[in-house]
Amino acid sequence: MSTDRILLTVGFLLFWALMVALMYRGWKKRAGRQADAIGELPAVPADLGAQLIPPSSGLYVGSTLAPSWQDRIAVGDIGFRASGDISRHEKGVLLERDGASAIWIPQASIRAIRTERGLAGKVMSKDGVLVIRWELPTGTEIDTGFRGDDKSVYPAWVNGENA
């Protein structure tokens, strides 16, 4: 292998490492800027109340600061996609994520439930993502997205029907 080729390879590796470091730094700075607005997420209560909509599997797409569908939240593990289950109970919505903490959305915090084409930089087909707009204890409104494996359950969520 020639010296030029080795230098070029090392140069590309250094450039790649620099780009990864800059992306990581940007993610950490975003989390720092959002920390006060997000605050502490509500804890999952011991009593969820009666189950209104049974668990549905799918992908937690992420959460964004409302109304921007691309302003992903970077605080804690809420910014990372994960497979999991979503279910509705009398006292709120439980989003259990594989490999990440559960997200509890109290019923009193829910502002709207709708379907969207995309959220958090993830774009799908029409009405491909179930989006719940809710208010955090800090007063900040966020949108939380879930792409269900079975989209036929979306009308029950959007129309507030019991399953």
Side-chain angles (χ1 to χ4, degrees), residues 19-124 127-149 151 153-154 156-163:
M19 292 299 108
V20 169
L22 288 173
M23 287 188 299
Y24 179 76
R25 182 175 175 215
W27 185 259
K28 287 299 191 184
K29 282 185 165 257
R30 175 188 288 242
R33 285 191 309 269
Q34 294 175 344
D36 289 338
I38 302 304
E40 185 110 2
L41 295 177
V44 179
D47 176 24
L48 305 177
Q51 188 175 76
L52 303 177
I53 300 177
S56 180
S57 64
L59 176 73
Y60 166 73
V61 176
S63 293
T64 62
L65 294 172
S68 176
W69 71 279
Q70 291 189 19
D71 193 4
R72 181 185 290 274
I73 294 174
V75 176
D77 68 351
I78 195 171
F80 303 119
R81 290 188 176 114
S83 58
D85 295 319
I86 190 169
S87 57
R88 183 137 195 202
H89 304 268
E90 279 181 326
K91 295 184 179 179
V93 174
L94 178 61
L95 214 163
E96 296 178 290
R97 302 178 298 155
D98 299 336
S101 61
I103 297 174
W104 174 251
I105 304 173
Q107 182 61 37
S109 299
I110 297 173
R111 301 294 172 253
I113 300 177
R114 64 191 190 283
T115 57
E116 290 286 342
R117 183 177 181 89
L119 184 81
K122 181 109 175 134
V123 180
M124 281 151 281
D127 299 328
V129 181
L130 182 70
V131 178
I132 302 171
R133 178 162 295 172
W134 58 294
E135 186 176 329
L136 297 170
T138 60
T140 302
E141 284 192 353
I142 67 172
D143 287 331
T144 295
F146 187 81
R147 186 188 74 203
D149 293 334
K151 312 243 182 331
V153 301
Y154 286 2
W157 283 89
V158 174
N159 300 325
E161 302 165 0
N162 292 352

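Each residue takes its place number in the sequence, starting with 1.
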Point to revise | Test side chain to side chain contact (heavy atoms under 4.5 Å, CB included) applied to Lys29 - qualifying residues, sequence neighbours left out | key: Arg25, Arg33
Exercise for review: State which residues pass side chain to side chain contact (heavy atoms under 4.5 Å, CB included) with Met23; sequence neighbours excluded, sorted by chain then number.
Suggested key: Val20
Check your understanding: What distance separates Trp134 CH2 from Gln107 CD, expressed to the nearest 0.5 Å?
Key -> 12.5 Å
Exercise for review: Could you check Thr138 against Ile38 for side chain to side chain contact (heavy atoms under 4.5 Å, CB included), going step by step and ending with a plain yes or no?
Suggested key: CA-CA 7 Å; Thr138 60; Ile38 302 304; 5.9 Å; no
Review point. In chain order, what residues pass the salt bridge (Lys or Arg N to Asp or Glu O under 4.0 Å) check against Glu135, with sequence neighbours excluded?
Key: Arg111
Exercise for review: Just jot down the side chain to side chain contact (heavy atoms under 4.5 Å, CB included) partners of Pro55, sequence neighbours excluded, or say none.
Suggested key: Gln51, Asp85, Ser87
Exercise for review: Measure across Arg133 and Glu141 and return the closest heavy-atom pair with its distance rounded to 0.1 Å.
Suggested key: CD-OE1, 3.4 Å
Exercise for review: Sorted by first residue and then second, give each salt bridge (Lys or Arg N to Asp or Glu O under 4.0 Å) pair with at least one member in residues 42-60; sequence neighbours left out.
Suggested key: Asp47-Lys91
Revision key, fill the gap. The side chain to side chain contact (heavy atoms under 4.5 Å, CB included) partner of Arg88 among Ile110, Ile132, Ile105 is Ile110
Review point. With Asp149, which residues qualify under salt bridge (Lys or Arg N to Asp or Glu O under 4.0 Å), at least two apart?
Key: none
Point to revise | For Pro45, all residues meeting side chain to side chain contact (heavy atoms under 4.5 Å, CB included), sequence neighbours excluded | key: Leu48, Trp104
Practice item. Could you tell me which residues satisfy side-chain hydrogen bond (donor to acceptor under 3.5 Å, both in side chains) with Thr115, sequence neighbours excluded, listed by chain and number? Key: Asp127
Exercise for review: May I have the step-by-step check of side chain to side chain contact (heavy atoms under 4.5 Å, CB included) for Tyr154 and Ile113, ending in yes or no?
Suggested key: CA-CA 10 Å; Tyr154 286 2; Ile113 300 177; over 6 Å; no
Give every donor-acceptor pair under 3.5 Å between a side-chain atom in residues 93-102 and any protein atom, sequence neighbours left out.
| from | atom 1 | to | atom 2 | distance (Å) |
| --- | --- | --- | --- | --- |
| Arg97 | NE | Ser101 | O | 2.9 |
| Arg97 | NH1 | Asp77 | O | 3.0 |
| Arg97 | NH2 | Asp77 | OD1 | 3.0 |
| Arg97 | NH2 | Asp77 | OD2 | 3.4 |
| Arg97 | NH2 | Ser101 | O | 2.8 |
| Arg97 | NH2 | Ser101 | OG | 3.4 |
| Asp98 | OD2 | Ser83 | OG | 2.8 |
| Ser101 | OG | Asp77 | OD1 | 3.0 |
| Ser101 | OG | Asp77 | OD2 | 3.1 |

